[in-house]
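In the text below, chain A, chain B and the rest are named by the order of the sequence lines, each starting its count at 1. The model shown is predicted, which means the values in this text are computed figures rather than measured ones.
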Amino acid sequence: DQQVKQNSPSLSVQEGRISILNCDYTNSMFDYFLWYKKYPAEGPTFLISISSIKDKNEDGRFTVFLNKSAKHLSLHIVPSQPGDSAVYFCAARATGTASKLTFGTGTRLQVTL
Amino acid sequence: DVKVTQSSRYLVKRTGEKVFLECVQDMDHENMFWYRQDPGLGLRLIYFSYDVKMKEKGDIPEGYSVSREKKERFSLILESASTNQTSMYLCASALGYGYTFGSGTRLTVV
């Protein structure tokens, strides 16, 4: 039972354009959401997060949007750069579960020249 | 920076062997986690620990056990390795939501 889903296994975007990665969740107890980025042969690294009391959080080229009614979040990367090519995981925390995160299935982003 | 070190980058083991995957963190974090990463399935939580000698099952604990005798070390044990345990194993240490992952151990069971 996948509580956090990323329905696009892969995405290809041209350098300079916008990358939009999507994530859907089913558990209404999730109150904090994060995006992680993973390069091959490395562990995932934290990218950006958002609390359920907000609908947008921005950090440089990265913006995360949260639509609680739709149980949907998205990560926007503008402009996309070749170094952004990686696998992106969204993750969620349920209220009362401290540090435990539930991760999505991942989306492989390829930024082409 | 927090460093999480996994003892092996690659491992090949035979079916039925007992396998130990070691993870050490250097920042005195209380929370440590073991995940496995499989194509199309993302990261799935196997076990986690909030303190020394404390452990809780994650979403897929079957066939695994863990040990946390010291705060900095969290070991994952495959009691009797099977081919369906071939995977990338990732250890993480956390303070709040700030996860730091190790580089992973790619385990192949033949």
Worksheet item: Would you call the rings of A:F33 and A:Y25 parallel, tilted or perpendicular, where under 30° means parallel and over 60° means perpendicular?
Response: tilted

Discussion item. Over 60° means perpendicular and under 30° means parallel, so tell me whether B:Y35 and A:F103 are parallel, tilted or perpendicular.
Written reply: perpendicular

Portion of [X] that has a non-hydrogen atom of chain A nearer than 4.5 angstrom:
X     : value
B:R9  : side chain
B:Q37 : side chain
B:Y99 : both
B:L45 : side chain

Discussion item. Can a side-chain donor-acceptor contact be found between A:Q110 and A:S10 if the only test is distance below 3.5 angstrom?
Written reply: no

Fill in: No-hydrogen, no-angle side-chain donor-acceptor test under 3.5 Å, B:R36 and B:Y64
yes

Worksheet entry | chain B contacts, top residue of A:A41, A:P9, A:P44 (heavy-atom pairs, under 4.5 Å) | A:P44

Worksheet item: Looking at A:R93 and A:D31, does any basic side-chain N land under 4.0 Å from a carboxylate oxygen?
Response: yes

Worksheet entry | A:Y36 portion near chain B, given a 4.5 angstrom heavy-atom threshold | side chain

Discussion item. So for A:K5, is it side chain, backbone, both, or neither that comes closer than 4.5 Å to the heavy atoms of chain B?
Written reply: neither

Worksheet item: Counting only heavy atoms not in A:R61, do more than 12 sit closer than 6.0 Å to its CZ atom?
Response: yes

